[in-house]
Amino acid sequence: MYKILKTEGRAKRCEFTTVHGTVQTPVFMNVGTAAAIKGAVSSVDLKDLGCQIELSNTYHLHVRPGDEVIKKLGGIHRFMAWDRPILTDSGGFQVFSLASLRKIKEEGVYFNSHVDGRKIFMGPEQSMQIQSNLGSTVAMAFDECPPSLAEKQYVKESVDRTTRWLVRCKAEMERLCALEDTVNPDQMLFGINQGAVYPDIRIEHAKRISDLDLPGYSIGGLAVGEPNEVMYSILDEVVPYLPQNKPTYLMGVGTPRDILEGVYRGVDFFDCVYPSRNGRHGHLYTDKGTVRLLNAKYELDDRPIEEGCGCSTCRTYSRAYIRHLLKAKEMLGMRLCVIHNLYYYNNMMREIRDALDEGRFASYMKSKLEKVSADNEK
RNA sequence: GUGGGUAUGGCGCAGUUGGCUAGCGCGCCAGAUUGUGGCUCUGGAGGCCGUGGGUUCGAGUCCCACUAUCCACC
C-alpha cells in the first residue's frame, strides 16, 4: 500500500505499508548484505539509528549460510532479529560486479561462488525461490546490469532479456506466494528499469515493465561509472514513465548529494554501501563536508566527529580516540564510524521528510547541498 | 678476551662477476571507492648504503682500520 502524502515539484513524501510495518519515504535502506551491517552493527543498533528498512542480498545469503537454512529458521526477519521491512536484492548486481566469475545465458547466469569457487546457476526462478525462502518483505527482480559504457546494441539485447526475465520472475513469485509453507505469502516483487545511459531504451523499458503492474519499480544500472550529471538527466527522463502511484527505488545510490538530487526527481527509496564501507575506512559524512579520520591532522583532535551530532559515537568519543582505534584496526573503530555515518544518512532522510511535510524541500536541498559539498573543516 | 657473522629510508630485507636516476614488503602521507569479497586500487614523502681511509675511469659491491651488534668458545 503506497500513499502519497505530499508533493513538491516531482519530489514526493509518501508512506509505504507492508506486512512488516509502514515505511515513511523518502527513505534510505541500510545495507546488510549478509544479514548484517558490516562493521559490527546489530539490528538493535539499527533501531537506535532510526533505520526503517534494511537491505540484504540474495546471492550472498544463498552462498552462505544458504537460503534453505534461513527458511528452516523461520525466515530472514527472525534469523537476524529484525521485525521491520527487509528488501532483498536479487543477485542481479552480482552478475555485474562479479563479472569475471560468470556467464550469462537466456535461462540465467552461471556463477562461480566467490567463497569456494563452486558452480552456481541463478535465473529468475532461482532468484525468486531463494528470496521466497528468505521471506523478505520486498524481493527484487533478477536483472542484468550492463556497464554504463556498454554498446547500445548490447544494452538493447540485455534489456530485452531482463524484460523476459521479469515476466518469469512475476510468474514464479505468484506461484511461490501461493504455496502452503511459504515464509511470507505477502512478499512483493519490484521490477527494475535498465538501459544504461540511453534514454530511449530506458523509457521504452519503463513503459513495458509498468504494464506488468508490480507493487514497485526501481532504476538500476546507474552510478556505475557514468558522470553524476548523466545519472541526473537519466532520472529526469525516465522517472515520469514509471508508475507515479507506486514506490520508486534508485538502486545503489549514493552520496548525500545524489540522494538529494534523486528525491528532487521523484525517487522514494535509496540504498548505498557508502555510509558503511566508507565508515569502515574512516571516511565520515558531516554537515561540514567529509572528515577523513585517518588523516594525520586528527591525531590530537579531541572533538567529536561532528559537533552537535546526536549519534552515540559523537556523544561519547573523540576523533583522536576513534582514529587510534582505526589505526590499530580495532573493530570498535569501524563500528563507531559506521554508526555515525548511518545516523547521518538516516537523519538526513528525516530532515528531507520534514522539509517535504512543511513544503520547504527546495530551500532545504539548497542549504544541504552547500553543507555536504563543503571542504573538510580544519 | 678469541673465532665467525651482520651493518642499505621508521621496521624487515634484495642488490647478480664493481657500471648509468639504489630497489622490494610493511609502515607513513594523500586520494579513489555508489543494488559491499572487512577489500582493492592510485599517487607521494623518506636513504650522503655504520665511520674513516685505500684500490679503480667508476665502490652498496673489493682491501685495511675503527665502531656497533649477534652467535660460538674461553
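Order of the sequence lines sets the chain letters (A, B, ...), proteins ahead of strands, with each chain counted from 1. Because the structure is a prediction, the values reported are computed rather than measured.
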Query raised in the report: Looking at rG35(B), does its base get a donor-acceptor pair with the side chain of Asn57(A) below 3.5 Å?
Result: no
Query raised in the report: Would a line drawn from the ring center of Phe269(A) to the ring center of Phe16(A) be shorter than 6.0 Å?
Result: yes
Query raised in the report: Heavy-atom count around Lys156(A) NZ within 6.0 Å, excluding the residue itself: above 12?
Result: no
**Report entry** rU61(B) to rU69(B) separation - P atoms, rounded to the nearest Å
**Finding:** 23 Å
Query raised in the report: Can His283(A) be classed as stacking with the base of rU33(B), given a centroid separation cut-off of 5.5 Å and a plane angle cut-off of 30°?
Result: no
Requested in this report: Please confirm whether Tyr345(A) and Phe270(A) have ring centers closer than 6.0 angstrom.
Outcome: no
Requested in this report: Please determine, for the side chain of His281(A), which listed nucleotide (rU33(B), rG37(B), rG38(B)) has the closest atom?
Outcome: rU33(B)
Query - Separation of atom CG in Leu61(A) from atom C1' in rG37(B), rounded to whole Å - result: 14 Å
Requested in this report: Could you tell me the separation between the CD1 atom of Ile259(A) and the P atom of rG35(B), rounded to a whole number of Å?
Outcome: 11 Å
Query raised in the report: Closer than 4.0 Å, any side-chain N/O of Asn295(A) to the OP1 or OP2 of rA30(B)?
Result: yes
Query raised in the report: Any side-chain donor paired with an acceptor under 3.5 Å for Ser136(A) and Gln187(A)?
Result: yes
Requested in this report: Please list residues of residues 217-233 of chain A whose heavy atoms come under 4.0 Å from any atom in RNA chain B, ordered by number; otherwise none.
Outcome: Gly221(A), Ala223(A), Asn228(A)
Report summary line: Within residues 13-44 of chain A, the residues having a heavy atom closer than 4.0 Å to RNA chain B are Val31(A), Thr33(A), Lys38(A), Gly39(A), Ala40(A)
Query raised in the report: Within a strict 4.5 Å, meaning less than it, do heavy atoms of the Glu15(A) and Val23(A) side chains meet?
Result: no
**Report entry** Nucleic acid contacts of residues 326-334 of chain A, taken as heavy-atom distances under 4.0 Å to RNA chain B
**Finding:** Lys327(A), Met331(A), Met334(A)
Query - Contact list for RNA chain B against residues 148-168 of chain A - heavy-atom distance below 4.0 Å - result: none
Query raised in the report: For residues 192-210 of chain A, which residues have at least one heavy atom under 4.0 Å from RNA chain B?
Result: Ile192(A), Gln194(A)
**Report entry** Strand RNA chain B as a dot-bracket string - pairs counted if Watson-Crick or G-U with both distances under 3.5 Å, | where the partner lies in another strand
**Finding:** (((((((..((((.....[...)))).(((((.......))))).....(((((..]....)))))))))))).
Requested in this report: Send over the distance from Arg277(A) CZ to rG37(B) C1', rounded to a whole Å.
Outcome: 10 Å
Report task. Could you measure between the two P atoms, the one in rC74(B) and the one in rG54(B), and give it in whole Å? Result -> 42 Å
**Report entry** Selection from rU33(B), rC29(B), rG37(B) that lies nearest to any side-chain heavy atom of Arg323(A)
**Finding:** rC29(B)
Requested in this report: Please report, rounded to the nearest Å, how far the P atom of rU34(B) is from the CG atom of Asp89(A).
Outcome: 15 Å
Query raised in the report: Can you tell me how far P in rC71(B) sits from the matching atom in rU16(B), rounded to whole Å?
Result: 27 Å
Requested in this report: Considering only atom C1', compute the distance from rC49(B) to rC13(B) and round it to an integer number of Å.
Outcome: 13 Å
Report task. Mind calculating the distance between NZ (Lys297(A)) and P (rA30(B)) to the nearest angstrom? Result -> 8 Å
Report task. Pick the C1' atom in rG47(B) and in rG53(B), then give their distance to the nearest Å. Result -> 23 Å
Requested in this report: Send over the distance from Glu299(A) CD to rA30(B) P, rounded to a whole Å.
Outcome: 11 Å
Report task. Taking atom P in both rG27(B) and rC64(B), compute the distance separating them and give it to the nearest angstrom. Result -> 41 Å
Query raised in the report: Rounding to a whole Å, what distance do you find between Asn278(A):CG and rG31(B):P?
Result: 12 Å
**Report entry** Euclidean distance for P, rC29(B) against rG10(B) (whole angstrom)
**Finding:** 15 Å
Query raised in the report: Rounding to a whole Å, what distance do you find between Arg292(A):CZ and rG43(B):C1'?
Result: 14 Å
**Report entry** Separation of the C1' atoms in rG5(B) and rG46(B), to the nearest angstrom
**Finding:** 30 Å
Query raised in the report: What about the rings of Tyr110(A) and Phe121(A), do their centers lie closer together than 6.0 Å?
Result: yes
Query raised in the report: With ring centroids as reference points, do Tyr241(A) and His205(A) lie under 6.0 angstrom apart?
Result: no
Query raised in the report: So, do Tyr217(A) and Phe190(A) have ring centers that fall under 6.0 Å from each other?
Result: no
